[in-house]
Amino acid sequence: MATEQELQSLFNTLDSDGDGKVSINELFLSPGLSAVISAETGVSSPQELVSMYGDKDGSITFEELKSVVEKAGNLN
């Protein structure tokens with residue numbers, strides 16, 4: 001389980017270009033962090049996360065990620 005602050009820190013680390021979104025490419029560049037996100041969301045892969053919960057442009061915002069983690073019951 002993660003706190004919102006921990007989730008925000010993880011998101012900021014993945015958002016390498018600082019645009020407020022994590023793209024599928026950014027997820028693949030950090031496989032260890034992607035594994036943490038998979039564990040927190042219950043989603044098996046970055047592709048599934050972005051396709052099911054992200055924007056149509058192939059990225060996911062912090063609010064979208066937070067929503068998925070909350071639905072999985074992993075946000076303190």
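Throughout, residue positions are numbered sequentially from 1 according to the sequence presented.
- Listed by first then second residue, pairs satisfying ring pair (Phe, Tyr, Trp, His ring centres under 6.0 Å) with a partner in residues 39-76 read Phe11-Phe62, not counting sequence neighbours.
- Under the side-chain hydrogen bond (donor to acceptor under 3.5 Å, both in side chains) criterion, Lys71 pairs with no residue, sequence neighbours left out.
- The two residues Glu6 and Met1 make their nearest non-hydrogen contact at OE1-O, 4.1 Å.
- Of the inter-residue distances, the one linking Leu65 atom CG with Glu70 atom CD reads 10.0 Å to the nearest 0.5 angstrom.
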Let me check something: any side-chain donor-acceptor pairs from residues 21-38 under 3.5 Å, sequence neighbours excluded? List them with distances.
from  : atom 1 : to    : atom 2 : distance (Å)
Lys21 : NZ     : Asp57 : OD2    : 3.0
Ser23 : OG     : Asn25 : N      : 3.4
Ser23 : OG     : Glu26 : N      : 3.1
Glu26 : OE1    : Ser23 : N      : 2.8
Glu26 : OE2    : Ser16 : N      : 3.1
Glu26 : OE2    : Ser16 : OG     : 3.1
Glu26 : OE2    : Asp17 : N      : 3.3
Ser34 : OG     : Leu27 : O      : 2.4
Ser34 : OG     : Ser30 : O      : 3.1
Ser38 : OG     : Ser34 : O      : 3.2
Ser38 : OG     : Val43 : O      : 3.3

| task | Test Leu75 against Leu7 for side-chain contact (heavy atoms from CB on, under 4.5 Å), laying out the working first. | result | CA-CA 8 Å; Leu75 190 65; Leu7 188 62; 4.2 Å; yes
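- Residues forming a side-chain hydrogen bond (donor to acceptor under 3.5 Å, both in side chains) with Asp19 (at least two apart in sequence, or on another chain): none.
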Would you give me the side-chain donor-acceptor pairs under 3.5 Å for residues 44-51, sequence neighbours excluded?
from  : atom 1 : to    : atom 2 : distance (Å)
Ser44 : OG     : Glu48 : OE1    : 2.6
Ser45 : OG     : Gln47 : OE1    : 3.3
Ser45 : OG     : Glu48 : N      : 3.1
Glu48 : OE1    : Ser44 : N      : 3.3
Ser51 : OG     : Gln47 : O      : 3.0
Ser51 : OG     : Glu48 : O      : 3.3

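- Remark: Glu40 pairs with no residue by the side-chain hydrogen bond (donor to acceptor under 3.5 Å, both in side chains) rule, at least two apart or across chains.
- Without hydrogens or angle criteria, Asp55 side chain to Gly58 main chain gives no donor-acceptor distance under 3.5 Å.
- When the side chain to side chain contact (heavy atoms under 4.5 Å, CB included) test is applied to Gln5, the partners found at least two apart in sequence or on another chain are Thr3.
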